[in-house]
Structure formats: C-alpha cells, structure tokens
Amino acid sequence: MFSRGNRRPSSPEPSKAWECLDTDDVPGTLRQLRQASTALLDQVALVVGRAARTAGFDDLREAASALAARPGKARAPYDYGYACVGRGVSYLAAPALREALRPAPDSPSVLRELVSAYEDEGRHRDAADALLAHEAGLTDRPDRCLLVLNAVLAGDLGLARRQHALLPDPDDGIRLEAPARRRCLGPAVDGPFAVDARTSPTPVSPAGPRATRRRPRHGGGRR
C-alpha cells in the first residue's frame, strides 16, 4: 500500500525486534520494543505494523503502517497511539500520543488517551503531570477527577486534596460512600485520600484479555 512498505528499521532496538518476527515471535518482539523508548516513532511503527500483521490486528497494522510511511502527518501519531491502547500495548502508545499532543495541546481527546495509556502502565505520576500541564483547559469531569485519582495513586496527597477542593458538588447530589469508594479505588483508599503510598494497582499486562478489544476511556475515542 505504501511505497516504503519494504523498509527495515535501522536503529538497534527496533532491528532486534524485527528479527524476532522472522520466526513469528510476537511476544519476543514486544519485549524488545519495551527497550526502544528512545527510538524514532517511525522506526518502532515499522516493527509494530509487521507484528500486527502477524497477529491479525488489522486496525493496528493500518495505523502503524500510516505512521511509518508518513510520520509527519498530523493525525498519524494519534491514530497509532489509539490503536496501541486498544490492543493492550500502552507503553508503545505513550510516545506517539505525547507527539500528537504537541501540535494540539488543547485537544481533550488526545490528552485523555495519553492519560489512559499512562494509567494502563501504572504510571500515575506521569498521568497526573500530563493533566497538570494542561490544567487551564481541564473540565471538572472527567479531567480534574482523573487528576485527583492519579494524584492519590501516585501518593501525592497534597495535590489530590488541592484539586479535589476545586471540584463542585455533583449535580445530582449523589456521593460515593466509603465502601463504594473502596470498591472503585481498591484497598489503597481508606477514607478521603488516606493512601498507603506503597500500594498501587498492578499494571495490566499487554498480553492480558484486553489485548484484543477496544474499550471507551475517559471520553476519548476517535476524533
């Protein structure tokens, strides 16, 4: 489909990941790509596109191929990041979504998808920082609520309390009582923001059951 379809990655980490695919070793490829955090997006996307083709993930294959062929296209990093989150490889999504957010800092869809990617990886400090960097444009719900939640899970209770104080009362007057709150947030919460900072949710494995389905997150989705 693309003129660059036969390219091979030239940087070391993506090249090692590419070689894993010579034996259809998709899990090995993904392990190698975890080490490619500084590689160029189009280099990683070349490998991801080939891995997605091997796995039969057409949506990810198409998005990765588009990014590899035209890395300067404005929408390509977002579509690729969106597909990566949907296929359970959020660690590959985050660099692309950060790049997508750079020319569109006021886009709530891109910001929320980036937050989703960080949350999937248990990177709650990064999720909170991403939201704080765009605080002027945050909505109360879901954005500031997400900031409060990720600050709690990152162990930054001061930030959580400050942001929580800025939230208006719910319009419907319904509040989560402590048992419901604990069910939502897990054992790390016992009362308002009383968190053991050593406790955090276990990140979802890219090989987990969500790897083959797309779920709505934080009001994001296709733009």
Side-chain angles (χ1 to χ4, degrees), residues 37 41 63 74-86 88-178 180-186 188-197 199-201 203-204 210 214-223:
S37 58
L41 280 178
R75 188 183 172 96
Y78 176 80
D79 287 344
Y80 169 78
Y82 180 93
C84 284
V85 172
V89 283
S90 294
Y91 63 95
L92 296 174
L97 292 168
R98 286 196 300 268
E99 183 62 29
L101 193 58
R102 204 182 315 277
D106 298 325
S107 171
S109 295
V110 178
L111 177 60
R112 291 167 190 166
E113 201 69 20
L114 176 59
V115 169
S116 293
Y118 283 143
E119 289 176 343
D120 283 353
E121 290 293 299
R123 296 171 60 180
H124 299 289
R125 178 75 265 174
D126 290 328
D129 287 345
L131 289 161
L132 272 176
H134 300 84
E135 185 176 6
L138 297 183
T139 61
D140 289 327
R141 295 178 177 82
D143 300 328
R144 200 172 303 278
C145 289
L146 289 171
L147 178 49
V148 172
L149 175 61
N150 281 286
V152 169
L153 295 176
D156 191 342
L157 304 189
L159 174 61
R161 290 189 180 102
R162 289 193 298 273
Q163 293 295 325
H164 184 264
L166 298 175
L167 286 170
D169 290 336
D171 292 337
D172 57 10
I174 297 175
R175 297 176 181 273
L176 278 179
E177 298 300 330
R181 184 169 58 245
R182 282 194 291 270
R183 285 197 298 274
C184 291
L185 300 182
V189 175
D190 184 13
F193 309 130
V195 175
D196 180 349
T199 306
S200 62
V204 175
R210 290 193 299 176
R214 175 71 205 174
R215 77 281 186 217
R217 291 291 301 273
H218 306 335
R222 292 292 186 185
R223 294 186 297 165

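These numbers were taken from a predicted model, which means no experiment stands behind them. Just so you know, these numbers use all the heavy atoms, side chains as well, and skip hydrogens, waters and symmetry mates.
Taking 4.5 Å as the limit, every side-chain heavy atom of Cys84 sits out of range of all side-chain heavy atoms of Glu113. By the 4.5 Å heavy-atom criterion applied to side chains, His164 and Arg144 are not counted as neighbours.
Here the OH-OG distance, from Tyr91 to Ser37, works out to 12.0 Å after rounding to the nearest 0.5 Å. A distance of 11.0 Å separates CG in Leu114 from OG in Ser107, rounded to the nearest 0.5 Å. Note: Asp106 CG to His134 NE2 = 7.5 Å, rounded to the nearest 0.5 Å. Taking OH of Tyr82 as the reference point, atom CZ of Arg75 lies at 9.5 Å (rounded to 0.5 Å).
Scanning both residues, Ala63 and Ala83, for their nearest heavy atoms gives CB-CB, 4.1 Å. The two atoms that bring Ala128 and Leu159 nearest to each other are CB-CD2, 4.5 Å, heavy atoms only. For the residue pair Leu138 and Leu111, the shortest heavy atom distance occurs at CD2-CD2, 4.0 Å. What you find for Ala93 and Gly81 is that their closest heavy atoms are CB-O, 3.3 Å. Of all heavy-atom pairs between Glu135 and Leu166, the closest is OE2-CD1, 4.3 Å. Arg102 approaches Pro105 most closely through the heavy-atom pair O-CD, 3.7 Å.
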Task: Glu119/Leu146 under side-chain contact (heavy atoms from CB on, under 4.5 Å): CA gap, chis, key distance, verdict - done: CA-CA 10 Å; Glu119 289 176 343; Leu146 289 171; 3.8 Å; yes

- [ ] Check step by step if side-chain contact (heavy atoms from CB on, under 4.5 Å) holds for Leu101 and Tyr78.
- [x] CA-CA 8 Å; Leu101 193 58; Tyr78 176 80; over 6 Å; no

- [ ] Go through Glu121 and Asp126 one step at a time and tell me if the side-chain contact (heavy atoms from CB on, under 4.5 Å) criterion holds.
- [x] CA-CA 10 Å; Glu121 290 293 299; Asp126 290 328; over 6 Å; no

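Shown are Asp129, Asn150, Asp156; of these, the side chain to side chain donor-acceptor pair (under 3.5 Å) with His124 is made only by Asn150. The only option from Thr139, Asp140, Leu147 that meets the side chain to side chain contact (heavy atoms under 4.5 Å, CB included) definition with Asp143 turns out to be Thr139.
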